[in-house]
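Beneath this line is the structure, given in structure tokens, with notes to follow.
Numbers for residues simply follow the sequence, beginning at 1.
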Amino acid sequence: MAERAIDGKVALVTGASKGGTGTAIAIRLAAEGARVAITARDEQGLAATKNRIESFGGECLVLPSDLSDPTGARTELVPKTEEAFGPIDILVNNAAFGGYHPFEEVTPKQLELSLQVNLWAPWELMKAVIGGMRERGSGTILNLTTFSAELPPGPPFPSSKPSKAGFVYGAPKAALNKLTVSAASECEGQGVAVNALTPQAAVATPVLVEGGWIDEEMFEPLDTMAEAALALLTGDPDVLTGRIAFSLQLLVELDRPVRDLMGESLVEGWQPADIPAAIARQEANLARRGWPDAYTFGRVHSPRP
């Protein structure tokens, strides 16, 4: 790779232990020259991510923490990262908790955990880094969100899990979307970009692929999510901020080539010219499940009348 987009930058990425989106973003950031701190509960998974980063000469700091614990190690993530690497330039809030359950079956404990991981911890981490970013006049924050945060259109409502059982996961993520745009507005003109990114439908993470409940055509590779994340983290902060972006749409909009996690090779079948066909297949799948075409993938953000 001739030029590295974020050489020497310092990044903190949450939820980077399962080989999924957080791991992919951490690897891509390291391959682009960032020194990356990663956190999650799974120390073995974090070690695996660190090994992958160090295998190509990247720098990685492992900081195990339970983001659902407001008094635990999450309070030390920013100080420990800055002690090891220096001021944080990039914050990626990827960790998530929730699942799909009918709202009346959700327990207070489940709701508390979801709120802590999906909203409270990102808010605290954003507060911890934003002052330094403003002082330096540069910085980027990316919050990973979900289609479950969108309001399902109806009645009649779709039969999908995000529509029929998406409260405990989707509601805190909807609040995270509001936090994202509010922070972007408050940081306008200060050199700081704040965005959110959601998969177009589903990312081909090991957990989701093995689960077997998502149709194959609804998946996108980890490479497209990592590429879209990098685009949001390196864009013009006066232009590319306050976005609740859908991954594949963003890549088409920016006409951005999609490279592998090392940033070296173009990913076959997932370039901007290829992606509209993939989106069309996903839209057709959702339409069969009751999602109106005009609503699909964030084209509108409230139910149609």
Which pair of heavy atoms, one from [X] and one from [Y], lies closest together, and at what distance?
X    : Y    : answer
Y169 : G99  : CB-O, 3.5 Å
P152 : F157 : O-CE2, 3.6 Å
A96  : N118 : CA-OD1, 3.2 Å
G242 : N195 : N-OD1, 3.2 Å
L144 : L176 : O-CD2, 3.7 Å
G98  : V168 : O-CG1, 3.9 Å

Under the salt bridge (Lys or Arg N to Asp or Glu O under 4.0 Å) rule, collect the residues that match up with [X], sequence neighbours excluded.
X    : value
E76  : none
R35  : none
D7   : R4
D274 : none

In Å, rounded to the nearest 0.5 Å, how long is the span from [atom1] of [X] to [atom2] of [Y]?
X    : Y    : atom1 : atom2 : result
E105 : Y100 : CD    : OH    : 16.0 Å
S17  : R41  : OG    : CZ    : 8.5 Å
I27  : S55  : CD1   : OG    : 8.0 Å
L91  : N143 : CG    : CG    : 7.0 Å
E124 : R74  : CD    : CZ    : 4.0 Å
L254 : E227 : CG    : CD    : 10.0 Å

Heavy-atom distance under 4.5 Å between the side chains of [X] and [Y], does that happen here?
X    : Y    : value
T140 : L232 : no
W270 : L248 : yes
L230 : R256 : yes
R134 : C187 : yes
L266 : R259 : yes
P257 : Q271 : yes
E150 : P162 : no
T21  : L197 : no

Is a donor from one side chain sitting under 3.5 angstrom from an acceptor on the other, for S247 and T224?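 No pair is found: no donor N or O on one side chain lies under 3.5 Å from an acceptor on the other.
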Please determine whether side-chain contact (heavy atoms from CB on, under 4.5 Å) holds for the pair M133 and Q190, giving the CA-CA distance in whole Å, both sets of side-chain angles, and the decisive distance to 0.1 Å. CA-CA 9 Å; M133 290 180 175; Q190 299 170 29; over 6 Å; no
Is there a path of hydrophobic side-chain contacts, each under 4.5 Å between heavy atoms of I/L/V/M/F/W/Y residues, joining [Y] to [X]?
X    : Y    : answer
I88  : V13  : no
V129 : L61  : yes
I130 : V181 : no
L115 : F103 : yes
L12  : V194 : yes

Option among Q116, K109, Q110 that satisfies the side chain to side chain donor-acceptor pair (under 3.5 Å) test with E112: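 Exactly one option meets the side chain to side chain donor-acceptor pair (under 3.5 Å) with E112, and it is Q116.
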Partners meeting side-chain contact (heavy atoms from CB on, under 4.5 Å) with [X] (sequence neighbours left out):
X    : value
V252 : I275, P276
N177 : T145, A149, A196, I244
A175 : L119
A5   : E32, T234

Compile the donor-acceptor pairs under 3.5 Å between side chains in residues 45-54 and protein atoms, sequence neighbours left out, one pair per line.
unit_1	atom_1	unit_2	atom_2	d
T49	OG1	A16	O	2.7
T49	OG1	T23	OG1	3.4
T49	OG1	G45	O	3.2
N51	ND2	A47	O	3.3

Could you give me the CA-CA distance, side-chain angles and deciding distance for V36 and F85, then say whether side-chain contact (heavy atoms from CB on, under 4.5 Å) is met? CA-CA 8 Å; V36 182; F85 289 154; 5.8 Å; no
Under the ring pair (Phe, Tyr, Trp, His ring centres under 6.0 Å) test, residues paired with W120 that sit two or more places apart: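 So W120 forms a ring pair (Phe, Tyr, Trp, His ring centres under 6.0 Å) with W123.
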According to salt bridge (Lys or Arg N to Asp or Glu O under 4.0 Å), does anything in residues 168-196 pair up with another residue at least two apart or in another chain? List the pairs.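 Every pair satisfying salt bridge (Lys or Arg N to Asp or Glu O under 4.0 Å) with a residue in residues 168-196: there are none.
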Residues which pass side-chain hydrogen bond (donor to acceptor under 3.5 Å, both in side chains) with T198, listed by chain and number, not counting sequence neighbours: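 Once residues adjacent in sequence are excluded, T198 has no partner under the side-chain hydrogen bond (donor to acceptor under 3.5 Å, both in side chains) criterion.
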Does [X] reach the main-chain N or O of [Y] with its side chain, forming a donor-acceptor pair under 3.5 Å?
X    : Y    : answer
S65  : T39  : no
Q200 : Q249 : yes
T14  : A95  : yes

Stepwise side-chain contact (heavy atoms from CB on, under 4.5 Å) test for D89 and I6: CA-CA 10 Å; D89 303 290; I6 48 175; over 6 Å; no
Residues M126, L179; criterion side-chain contact (heavy atoms from CB on, under 4.5 Å); working and verdict: CA-CA 10 Å; M126 290 168 67; L179 169 61; 3.8 Å; yes
